[in-house]
Amino acid sequence: MASNTELFERAARVIPGGVNSPVRAFRAVGGTPRFIARGEGAHIIDAEGRRYIDYIGSWGPMILGHGHPAVLEAVRQAAAEGFSFGAPTEREIELAEEILKLVPSMDQVRLVSSGTEATMSAIRLARGATGRAKFIKFEGCYHGHTDALLVKAGSGLATFGHPTSAGVTPGAAADTVVLEYNNVAQLEAAFAQHGQELACAIVEPIAGNMNFVRASVPFMAALRRLCTQHGALLVLDEVMTGFRVGLGSAQAHYAALIPGFAPDISVFGKVIGGGMPLAAFGAKRAVMQHLAPLGGVYQAGTLSGNPVATACGLATLREIQKPGFFDALSARTRQLVEGLKAVAAENGVPFSADCEGGMFGFFLLPELPQNYTAVMTTDKERFNRFFHAMLDAGVYLAPALYEAGFVSAAHTGADIDATLAAARAALL
C-alpha cells in the first residue's frame with residue numbers, strides 16, 4: 001500500500017504540482033495532500049486506509065453523500081447502455097425538464113460539462129443578446145478559469161480589472177469591470193459610468209470561494225434594478241448554490257425577500273451532475289434563441305449531455321425532491337454551525353459562521369465579513385493549525401480558509417458530535 005507521501009511524490013513527477021486542481025495541493029495549509037481511495041456515505045478513506053468525515057463533498061456535488069444506492073444504480077444502468085454517443089438522448093430532455101421545473105426563471109437550458117464552460121458561455125450569450133462587450137464581476141467571486149474572469153480589482157473606483165494569472169493578457173481583461181462585493185455605492189457608480197456598455201453583471205448570490213459570504217438583500221436588489229434600468233442582463237452563478245442551499249436554489253431565497261426578483265441568465269453545476277462532470281446555463285426563450293443553432297452565439301461540446309452524467313444528475317435531483325429532504329439537511333448543517341460557534345466561545349476564540357441548506361462557512365473573525373477585503377483579515381496561521389488538528393482527528397475540511405464547506409444527507413448526528421469533539425481540542 002502506497003502512502004500519501006509516496007503518491008504525492010509520484011504525482012509530482014507527471015502532474016504539475018502533483019494535482020489536477022491547485023487547492024488540492026495543500027499549498028495554503030502546508031503538509032501532504034490525502035489521496036482518496038473511496039467514499040462511503042459521509043466519509044472518505046485515503047490511500048493509507050484512514051477514514052475522514054467529509055465536509056468537502058467534491059466541493060459541493062455530493063449532496064446525498066458518497067455511493068447513494070439510487071444514484072449508483074442509475075449510473076450502472078446508463079454505463080451499460082453506452083458511455084457517450086455524440087448524439088441526442090432522451091435523458092438530456094428529462095434532466096432539462098427537471099431543472100426547469102424547479103427554476104421558474106428559465107424557459108430553456110443548455111447542458112455542458114463544467115462550471116467554467118457554463119459561465120463562459122453565459123457571458124458570451126449575454127454579449128450576443130445585448131450587442132455589448134463589457135461586464136461586471138465582483139472581487140472574491142469565482143466563476144471559473146476563463147481569461148476574462150481571472151481578474152482582480154483595479155486601483156480606483158469602478159476601474160477595469162487586472163489579470164490575476166500569467167497567460168491572461170491585458171486585452172482579455174479589458175472589458176471586465178471588477179467591483180467590491182456588497183458595495184451598493186460602488187455598484188451605482190459603475191453603472192453610471194459604464195451602463196450603456198454593459199452586457200451583464202455576473203455574481204455568486206452566496207460566494208463560496210471567499211468562504212461563505214452572502215450577497216446582502218439591498219445589494220442584490222440594487223443589482224437587479226440597475227441591470228434592468230441600463231439594459232444589462234443579470235447572470236446568477238449558482239454553480240455552487242444551485243440545489244445545494246435549497247430546492248429552488250439561491251434565487252428562490254432572494255425572490256422571497258425581493259419582490260419580482262429573478263435573474264436573466266442562471267448558471268448551474270455540481271449538484272445537477274451528482275458528482276459527474278455536468279453543468280448548465282439557462283434563461284428565458286428570448287435570450288436562449290440567440291444560441292446556436294438558432295442564433296449567432298456559438299457554443300458546442302462533444303461530451304455535453306453525456307448519458308452517464310445525466311443519469312447521475314437526474315437520480316440526484318429526484319432524491320433531493322423527496323419530502324423533508326432540505327428540512328433535514330438544513331437542520332444538520334445548523335447543528336454543525338451552532339456547535340462550532342459554541343466550541344469557539346468556550347475556547348475564547350474569535351469566530352463567526354453562517355449556513356444555508358447544506359452549505360456553510362466559518363471565519364476566525366468576531367463578525368461575518370461582507371467582502372473579500374474583510375475575509376482576508378482572518379487569522380490564517382490559526383486556521384492552518386485548526387485544519388491540521390481536525391485532519392489528524394479524522395475530520396476533512398477544505399484545505400484553505402477561503403473555501404465554503406458542505407454537509408450531505410448522509411451526515412448523521414454522530415458525525416456532527418464527533419466533529420465538535422475534535423473541534424473542542426483543535427480550536428485553540
Side-chain angles (χ1 to χ4, degrees), residues 23 28 119 134-144 148-165 173 176-194 198 200-227 232 234-241 245 250-251 253-254 257-258 261 263 267 337 341 350-356 359-380 382-383 398 400-405:
V23 73
T119 54
K134 292 178 173 59
F135 71 94
I136 287 173
K137 76 174 289 283
F138 299 92
E139 193 156 27
C141 289
Y142 177 71
H143 307 290
L149 290 165
L150 287 179
V151 296
K152 62 182 177 181
S155 57
L157 177 66
T159 57
F160 293 107
H162 301 309
T164 56
S165 169
T176 308
V177 181
V178 187
L179 305 177
E180 186 177 71
Y181 198 69
N182 277 328
N183 188 327
V184 175
Q186 197 177 81
L187 188 62
E188 297 269 9
F191 270 94
Q193 185 175 348
H194 305 294
L198 292 169
C200 66
I202 184 168
V203 66
E204 286 184 282
I206 300 173
N209 285 276
M210 52 177 163
N211 211 308
F212 183 108
V213 181
R214 295 175 186 265
S216 72
V217 171
F219 174 73
M220 193 64 86
L223 192 52
R224 175 65 281 175
R225 171 177 55 80
L226 289 164
C227 282
L234 175 57
V235 181
L236 217 59
D237 180 350
E238 297 230 48
V239 168
M240 194 171 286
T241 56
V245 300
Q251 58 190 268
H253 173 74
Y254 284 97
L257 299 171
I258 304 168
F261 178 85
V267 182
V337 166
K341 286 181 183 177
F351 190 90
S352 55
D354 196 4
C355 65
E356 190 71 39
M359 183 175 171
F360 72 94
F362 64 86
F363 303 88
L364 298 173
L365 295 169
E367 295 181 354
L368 289 169
Q370 297 299 304
N371 54 55
Y372 182 70
T373 300
V375 168
M376 292 292 286
T377 65
T378 195
D379 188 337
K380 180 180 177 182
R382 175 174 261 170
F383 172 84
L401 58 81
Y402 308 118
E403 305 287 348

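These numbers come from a predicted model, not from an experiment.
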Could you tell me which non-hydrogen atom of [X] sits nearest to which non-hydrogen atom of [Y], and how far apart they are?
X    : Y    : answer
V213 : V375 : CG2-CG2, 3.9 Å
E403 : A398 : CB-CB, 3.6 Å
G208 : M359 : CA-CE, 3.9 Å
P350 : R382 : CD-NH1, 3.5 Å
E180 : F138 : O-CD2, 3.8 Å
K380 : L401 : CA-CD2, 3.4 Å

Say whether, by atom type as modelled, one donor and one acceptor occur between the side chain of [X] and the main chain of [Y] under 3.5 angstrom.
X    : Y    : result
R214 : C355 : yes
N182 : S216 : yes
T377 : A374 : yes
Q251 : P263 : no
E204 : Y142 : yes
T119 : H143 : yes
T164 : L150 : yes

Under the ring-ring contact (aromatic ring centres under 6.0 Å, His included) test, residues paired with [X] that sit two or more places apart:
X    : answer
F351 : F362
F191 : H230
Y181 : F219

With a 4.5 Å cut-off on side-chain heavy atoms, are [Y] and [X] touching?
X    : Y    : result
E356 : P205 : no
N211 : F363 : yes
Y254 : L223 : no
V177 : K137 : no
L149 : T176 : no

Approximate separation, where rounding is to 0.5 Å, of [X] [atom1] and [Y] [atom2]:
X    : Y    : atom1 : atom2 : result
H253 : I206 : NE2   : CD1   : 6.5 Å
S352 : L365 : OG    : CG    : 5.5 Å
E188 : L179 : CD    : CG    : 11.5 Å

**Request:** May I have the step-by-step check of side chain to side chain contact (heavy atoms under 4.5 Å, CB included) for L236 and V203, ending in yes or no?
**Result:** CA-CA 5 Å; L236 217 59; V203 66; 3.7 Å; yes
**Asked** Do F261 and L234 pass the side chain to side chain contact (heavy atoms under 4.5 Å, CB included) test, and can you show the C-alpha distance, the side-chain angles, and the key distance before you say yes or no?
**Response** CA-CA 11 Å; F261 178 85; L234 175 57; 4.0 Å; yes
**Stepwise side chain to side chain contact (heavy atoms under 4.5 Å, CB included) check, F360 with D354** = CA-CA 6 Å; F360 72 94; D354 196 4; over 6 Å; no
